[in-house]
Structure formats: C-alpha cells, structure tokens
Amino acid sequence: MKLAFMTWVAPDWSLEQHLTAAIRYGYDALEPRCGNQKHGVELSATKRQRADIKSQCEDCGVEIACVATSLKYNLPQPEQIAEAVEETKRYLQLAADLGSPNLRVFGGLPVEETTLEESQDRVAAALAQCVKVADKCGVNLCLETHDRFCRSAETAGVINRVDHPRLGYCWDILHTARMGETAEESWENLQGQVYHCHIHDYTWPEDDVDQLTPALTGAGQVPHAEAIRLLAAAGYAGALSGEWISCFPPEEILPQSASELREYLRGV
C-alpha cells in the first residue's frame with residue numbers, strides 16, 4: 001500500500017511545495033484536489049503544463065494516486081447531469097495525461113422527493129456513460145462513500161448497476177463508520193473494487209453522526225487499523241490518502257499520520 005495525501009491539507013501550496021512535503025514526510029503519492037488550488041492541476045492546464053506536472057512528479061519519485069474532483073450526478077435536472085457527465089470525460093483525460101490511475105467523484109446529496117433507488121438509478125445511468133471514456137483513458141472512476149451514499153450498500157447499489165471494471169470505490173472509512181458500520185461490514189459490500197481509500201480521523205456523538213470533530217490519526221473513532229488489515233489481506237496496492245480540510249497545520253498532521261499509518265501497516 002502507498003501513503004498519499006490530498007492537497008486540501010495546504011491549498012495555497014504550489015506543486016513544488018507539496019512534492020517537497022511528500023519527500024520530507026515519506027509519502028509515496030499525492031492526490032491533487034481540483035478547484036482553485038495553487039498546484040496547477042486543473043482542466044485549464046494545457047498539454048504542455050500537464051506534461052510538466054507529470055514530469056515534476058516522476059523526477060521526485062512521487063506518484064499522482066488520484067485526481068480528486070467534486071463531480072456529482074444525483075442532480076434534479078437532466079441538463080445538469082449531462083453537463084456533469086461531459087465534465088467527467090474531460091477530467092478523465094486530465095487524469096490520463098498526468099498518469100493518474102484514478103479519478104474521484106461523488107454520487108451527490110439527496111434530492112427532494114427522490115427515493116434511494118431512484119438516486120442510485122440516476123447516478124448509475126450517468127456513470128455508465130462515463131466508463132467508456134474511463135476505459136479508453138485507462139483511468140478508474142472511484143465513487144466515494146459520501147453524501148447520499150455514505151453507507152457501503154448504498155454505494156454498492158450504484159456500482160453493481162453499472163457492473164464495469166473501470167468503476168469502483170473510493171472508500172472513505174470515516175463515512176461508513178459514522179453510519180454505524182464496522183470495517184468488516186463495509187468490506188462485505190466493497191471488497192474487490194476498492195481502487196482508492198481516504199484516511200482522516202474524527203469523533204462524533206452517537207446521537208448526531210453529522211457533528212464531527214477532527215482528531216489526529218489514531219485518536220478518533222474511525223477504524224483505520226481494521227480496514228487496513230482487510231485491504232492488506234485482499235492484496236490492495238492502492239493509496240491510503242489523507243484528506244484534511246482546514247483541520248490541522250500540514251507540518252503537524254502529515255508526519256503524524258504517516259507515522260501512525262506505518263504502524264498499522266507493520267501490523268498486517
């Protein structure tokens with residue numbers, strides 16, 4: 001397994017600063033978060049700029065594990081969904097140009113007066129249009145356990161509808177855990193198609209799972225150690241990617257989380 005971090009940890013850093021931090025703290029890979037950050041990994045990047053980004057990463061020995069987007073498909077209007085599908089296709093090409101094996105997407109938030117099954121149908125229909133381009137680009141679409149689809153079975157309901165090897169999961173262990181699932185219960189639904197994994201620790205009260213308080217890795221309620229054991233037993237070779245949004249200074253969380261995750265990996 002590889003250690004990675006999402007660039008949300010320091011959105012004002014340049015790509016060079018992220019790469020320097022990755023080397024300093026022993027990370028294998030980066031997960032650039034697209035959307036007005038300073039690293040330059042955006043749809044607007046030219047072919048030359050994309051080649052330069054790829055070259056900088058290769059020269060440093062730091063991979064791009066995943067390109068993270070905020071794309072979503074559980075939207076009320078057909079034209080909104082169509083626009084998201086077309087944008088996904090452009091992002092798949094960006095990921096391919098950078099040598100990233102994965103593109104992270106969301107299902108989306110609940111839509112008023114729409115059942116879970118209808119939401120799953122809507123998202124699956126959109127992603128079914130995207131997987132053909134994903135296959136052509138050699139990039140996996142990773143649907144995150146998030147938003148309307150936090151529970152592993154809810155996300156699996158989308159993946160199974162499409163049934164394509166280029167569509168799998170970004171397992172955000174936090175969200176399945178706060179829904180009351182053990183790592184083993186989540187794994188029953190996700191196993192075999194986890195292509196990317198998000199790491200971040202939190203605490204929450206039993207009566208309000210949306211009231212999240214950030215914690216250092218290992219100090220919260222997210223069962224990372226158990227999840228990593230399951231991933232290791234299945235031969236998962238992807239990234240454990242830390243995602244921290246305005247939670248901790250990067251100089252604090254990056255070395256702390258890397259150290260904790262290496263302890264987990266030594267135990268598998």
Side-chain angles (χ1 to χ4, degrees), residues 1-4 6 29 31 65-69 71-74 88 100-110 116-117 119-124 126-128 130-131 134-135 139-202 204 209 212 217 220-243 261 264-265 267-268:
M1 271 178 263
K2 302 164 187 173
L3 298 189
M6 188 187 286
E31 181 177 354
C66 183
V67 173
T69 74
L71 289 161
K72 58 184 72 70
Y73 313 93
N74 191 32
T88 302
S100 172
N102 299 310
L103 182 76
R104 190 282 302 274
V105 298
F106 297 128
L109 292 165
L116 171 61
E117 291 75 17
S119 294
Q120 290 170 321
D121 287 341
R122 181 183 288 126
V123 175
L127 291 173
C130 299
V131 291
D135 205 21
V139 175
N140 298 318
L141 270 170
C142 302
L143 179 62
E144 185 167 320
T145 51
H146 193 85
D147 288 341
R148 179 66 182 87
F149 307 92
C150 286
R151 292 178 174 83
S152 58
E154 295 169 347
T155 320
V158 176
I159 302 296
N160 295 339
R161 278 167 166 79
V162 180
D163 190 23
H164 193 285
R166 280 294 177 190
L167 179 62
Y169 304 98
C170 171
W171 185 13
D172 191 316
I173 306 164
L174 161 68
H175 294 305
T176 53
R178 69 187 183 88
M179 293 297 104
E181 297 183 15
T182 65
E184 290 79 8
E185 289 169 340
S186 299
W187 187 246
E188 282 296 312
N189 290 312
L190 306 178
Q191 60 182 309
Q193 288 177 276
V194 175
Y195 297 150
H196 193 59
C197 196
H198 276 170
I199 300 292
H200 41 182
D201 223 340
Y202 285 81
W204 59 88
V209 298
L212 297 170
T217 304
Q221 296 169 236
V222 181
H224 291 125
E226 293 85 348
I228 288 169
R229 281 198 292 270
L230 292 165
L231 289 163
Y236 175 73
L240 304 172
S241 186
E243 180 186 25
L261 291 175
Y264 294 157
L265 289 170
V268 300

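As a basis for the values below, the full set of heavy atoms in this structure was taken, side chains included, without hydrogen atoms, waters or symmetry mates.
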Chemist: So do R161 and E117 actually touch side chain to side chain, heavy atoms under 4.5 Å?
Modeler: yes
Chemist: Can you give me the closest heavy-atom contact between G220 and D201, atom names plus distance?
Modeler: N-OD2, 3.1 Å
Chemist: So does E154 pair up with R148, basic N to acidic O under 4.0 Å?
Modeler: yes
Chemist: Taking all non-hydrogen atoms of both residues into account, name the closest pair between L71 and T69 and its distance.
Modeler: N-OG1, 3.2 Å
Chemist: Taking the side chain as every heavy atom from C-beta outward, state whether I199 and L3 have any pair of such atoms under 4.5 Å apart.
Modeler: no
Chemist: Work out which heavy atom in W187 is nearest to a heavy atom in A234; give both atom names and the distance.
Modeler: CZ2-CB, 3.5 Å
Chemist: Just verifying a value: how many Å separate C142 SG and L103 CG, rounded to the nearest 0.5 Å?
Modeler: 7.5 Å
Chemist: Between S186 and E181, do the side chains contain a donor N or O and an acceptor N or O under 3.5 Å apart?
Modeler: yes
Chemist: So do I159 and F149 actually touch side chain to side chain, heavy atoms under 4.5 Å?
Modeler: no
Chemist: Distance from T155 atom OG1 to D147 atom CG, nearest 0.5 Å?
Modeler: 10.0 Å
Chemist: For the atom pair OG1 (T88) and CG (L127), what is the distance rounded to the nearest 0.5 Å?
Modeler: 7.5 Å
Chemist: Do any N or O atoms from the side chain of N102 and from the backbone of A65 form a donor-acceptor pair under 3.5 angstrom?
Modeler: yes
Chemist: Tell me the closest heavy-atom pair linking I173 and A227, and the distance in Å.
Modeler: CD1-CB, 3.6 Å
Chemist: Does the side chain of H198 reach to within under 4.5 Å of the side chain of H175, using non-hydrogen atoms?
Modeler: no
Chemist: Is there a side-chain contact between C66 and Y195, using heavy atoms and a 4.5 Å cut-off?
Modeler: no
Chemist: Would you name the heavy atoms of W204 and Y202 that are closest together and state the gap between them?
Modeler: CZ3-O, 3.5 Å
Chemist: Taking W171 as the fixed residue, which of N189, T176, T145 is the one that meets the side-chain hydrogen bond (donor to acceptor under 3.5 Å, both in side chains) rule?
Modeler: T176
Chemist: Measure up the F106 and H146 rings against each other and bin them: parallel (under 30°), tilted (30 to 60°), perpendicular (over 60°).
Modeler: parallel
Chemist: Closest approach of R104 and A68, non-hydrogen atoms and distance?
Modeler: NH2-CB, 3.8 Å
Chemist: Do S100 and V139 have side-chain heavy atoms sitting under 4.5 Å apart?
Modeler: no
Chemist: Has the side chain of N74 got a donor or acceptor atom that lies under 3.5 Å from a matching backbone atom of G107?
Modeler: no
Chemist: Could you tell me whether E184 atom CD has more than 12 heavy atoms of other residues or ligands within 6.0 Å of it?
Modeler: yes
Chemist: Report yes if some heavy atom in the side chain of Y264 is under 4.5 Å from a heavy atom in the side chain of L240; otherwise report no.
Modeler: no
Chemist: Could you walk me through whether H200 and M6 pass side-chain contact (heavy atoms from CB on, under 4.5 Å), step by step?
Modeler: CA-CA 11 Å; H200 41 182; M6 188 187 286; over 6 Å; no
Chemist: When rounded to the nearest 0.5 angstrom, what is the spacing between CG in L167 and CG in L141?
Modeler: 6.0 Å
Chemist: Can you list every pair that meets side-chain hydrogen bond (donor to acceptor under 3.5 Å, both in side chains) and has a residue in residues 221-242, with sequence neighbours left out?
Modeler: E31-S241
Chemist: If a pair satisfies salt bridge (charged side-chain N to carboxylate O under 4.0 Å, His left out) and one of its residues is in residues 165-179, list it, with sequence neighbours excluded.
Modeler: D135-R166, R178-D210
Chemist: Using the test side-chain hydrogen bond (donor to acceptor under 3.5 Å, both in side chains), find all partners of Y169 that sit at least two apart in sequence or belong to another chain.
Modeler: none
Chemist: Let me confirm one number: the CE-SG distance from M179 to C150, rounded to the nearest 0.5 Å.
Modeler: 5.0 Å
